[in-house]
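First up is the structure itself, then whatever we jot down about it.
Residue numbers begin at 1 in each chain, while the letters A, B, ... track the order of the sequences.
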Protein chains: 2
Amino acid sequence: MLHSSTIHESLTAVFQVRHFDGGPELAVLLWQRALDPQKGTWSLPGGTLRDEEDLTSSARRQLAEKVDVRDVAHLEQLSVFSDPKRVPGPRRIASTFLGLVPLTTDPTLPDDTAWHPVSRLPEMSFDHGIVVDHARVRLAAKLSYTNIAFALAPREFAMSTLREIYCAALGYDVDATNLQRVLNRRKVLMPTGTTASPGRAGGRPAALYRFTDSAIRVTDEFAAFRPRT
Amino acid sequence: MLHSSTIHESLTAVFQVRHFDGGPELAVLLWQRALDPQKGTWSLPGGTLRDEEDLTSSARRQLAEKVDVRDVAHLEQLSVFSDPKRVPGPRRIASTFLGLVPLTTDPTLPDDTAWHPVSRLPEMSFDHGIVVDHARVRLAAKLSYTNIAFALAPREFAMSTLREIYCAALGYDVDATNLQRVLNRRKVLMPTGTTASPGRAGGRPAALYRFTDSAIRVTDEFAAFRPRT
DNA sequence: TCAAAAGTGTTCGAATTACACCCATGG
DNA sequence: CCATGGGTGTAATTCGAACACTTTTGA
């Protein structure tokens with residue numbers, strides 16, 4: 001059967017923990033549509049798949065070309081949106097992605113592009129709001145049983161910084177003591193031996209840590225029904 | 001940019017717990033290619049996406065039309081395979097799925113189609129072996145923190161039967177006592193009040209149970225870093 | 001010496017495993 | 001009454017939450 005033109009696009013929810021009024025928050029990168037359809041609404045970065053590239057390469061390329069974001073420490077597939085009527089005009093099948101950018105990088109963005117805290121999203125284009133929700137749920141889940149936080153953290157960091165990252169990404173408070181204990185038992189952190197100098201208010205200097213891996217790894221596979229040891 | 005013809009297809013790893021020599025095992029539905037390329041290798045059921053349907057409908061339709069499997073109790077997306085060279089000829093982007101069929105159904109299959117235990121897969125076509133691996137990992141993970149077993153179990157069943165299903169799907173032994181306790185605490189099972197008659201060797205009649213939900217539900221969300229209550 | 005921030009230790013409760021023991025039925 | 005399978009009770013262990021206490025710095 002011959003098909004009418006179907007476009008395959010990637011859409012990426014790029015997350016970064018950023019400082020807003022009221023402390024650090026999880027933010028997502030969006031650009032505002034200058035033209036109809038849905039002029040003025042905010043969209044996820046992405047674009048059309050080329051003949052010679054796969055979807056992951058395509059998503060990376062879109063981020064580098066269009067919004068100049070090159071420092072994506074982790075990128076993974078979410079689900080495919082394939083409803084024939086999800087956007088007006090010719091059919092567009094969207095493969096969606098979750099992308100993570102470390103705390104310290106601050107790319108220069110085009111004029112129409114900005115970081116938005118996920119707790120206060122603007123009016124979103126088409127089904128892009130659903131994609132952001134999926135990405136948040138996926139990130140929160142993986143923070144609990146993988147080392148995925150490596151992609152949100154700087155290369156070296158104090159435990160208090162890592163705690164801020166977890167709190168912002170999860171949307172609720174996490175105890176620094178237990179965070180350290182859990183990550184230590186799972187061997188996802190390494191002490192660097194160095195310390196940070198305390199702030200102007202004084203206080204004990206914080207030891208600096210680093211993630212042992214720079215790729216995602218499952219650290220707590222089974223909640224129940226483990227294989228017998 | 002105009003694209004050369006790109007076909008979008010669905011591929012589904014359909015799993016069922018079936019009886020083989022040596023007891024129940026997790027099995028996957030495969031068909032054998034009668035023509036080149038890769039004549040003789042075994043493939044997952046699937047096919048081309050139509051203009052008016054989304055991918056999930058397409059996957060369901062392929063299973064009903066081509067292998068006459070209608071009783072798919074659960075179907076969910078796995079990842080997309082989009083390498084331009086994943087198959088010879090025109091580009092085919094494959095959206096892959098995990099499908100589950102209850103223990104009791106036994107569909108009549110075409111001649112080229114058969115159930116294979118996942119522990120002893122035949123030579124697989126293209127990247128279809130990878131899809132089966134993804135599906136196994138996903139199923140094992142979700143057995144631990146969701147009620148997904150409802151889609152592998154008959155409507156009513158004894159705990160010993162459910163235990164066999166878990167053991168087969170996970171690939172290792174599970175304690176029946178703890179299985180019952182965990183599923184009870186999570187309120188995924190309901191007693192039916194009826195009992196099964198014992199086998200020829202005697203023994204106490206088994207109470208029959210039923211899953212409370214007939215759709216997937218997360219029953220144990222966070223392993224670590226729960227929100228404060 | 002005090003406040004602030006970092007790090008350590010301890011207790012409590014919940015979840016999971018492992019295993020012993022009791023119950024119901026057929027022969 | 002005994003073998004066979006179904007079901008219940010319980011100790012041991014592990015894990016995470018909560019919180020008090022100690023350590024190290026700047027003012």
Check: Taking DNA chain D as the partner, which of residues 141-178 of chain A come within under 4.0 angstrom of it by heavy atom?
Finding: A:T177, A:N178
Checklist line | Out of C:dG7, C:dT16, D:dT25, whichever nucleotide has its closest atom nearest the side chain of B:R185 | finding: C:dT16
Notebook entry, point to check: Can you tell me how far CG of A:D54 sits from CZ of A:R60, rounded to the nearest 0.5 angstrom?
Noted result: 10.5 Å
Would you give me the side-chain donor-acceptor pairs under 3.5 Å for residues 132-142 of chain A, sequence neighbours excluded?
residue: A:R136; atom: NH1; partner: A:V118; partner atom: O; Å: 3.4
residue: A:R138; atom: NH1; partner: A:E76; partner atom: OE2; Å: 2.6
residue: A:R138; atom: NH1; partner: A:Q77; partner atom: O; Å: 3.2
residue: A:K142; atom: NZ; partner: A:E76; partner atom: OE1; Å: 3.2
residue: A:K142; atom: NZ; partner: A:E76; partner atom: OE2; Å: 3.3

Item checked: Atom pair distance, as rounded to whole Å: CG in A:L179 and P in C:dT8 -> 14 Å
Item checked: Length of the CZ-C1' vector between B:R204 and C:dT25, whole Å -> 10 Å
Checklist line | Length of the CZ-C1' vector between B:F222 and C:dA15, whole Å | finding: 17 Å
Checklist line | Between P of C:dT16 and CD of A:E221, the distance in whole Å | finding: 16 Å
Next item on the list: Return yes if a side-chain donor-acceptor contact under 3.5 Å exists between B:E25 and B:S119, otherwise no.
Entry: yes
Margin query: Going by side chain to side chain contact (heavy atoms under 4.5 Å, CB included), A:F97 matches just one of A:L44, A:V72, A:L75. Which one?
Written below: A:L75
Checklist line | Rounded distance in Å - CD (B:Q180) to C1' (D:dG9) | finding: 13 Å
Checklist line | With sequence neighbours excluded, residues passing side-chain hydrogen bond (donor to acceptor under 3.5 Å, both in side chains) with B:T195 | finding: none
Check: What is the distance, rounded to the nearest whole Å, between atom CG of A:D220 and atom P of D:dT14?
Finding: 15 Å
Checklist line | Side chain A:R181 and base D:dT14 donor-acceptor under 3.5 Å | finding: no
Margin query: With a 3.5 Å cut-off and heavy atoms only, can you find an N or O donor on one side and an acceptor on the other between the side chain of B:R186 and the base of C:dT16?
Written below: no
Notebook entry, point to check: Has the side chain of B:T219 got a donor or acceptor atom that lies under 3.5 Å from a matching backbone atom of B:Y145?
Noted result: yes
Check: Starting at the 5' end of DNA chain D, which residue's closest nucleotide do you reach first, B:A206 or B:F225?
Finding: B:A206
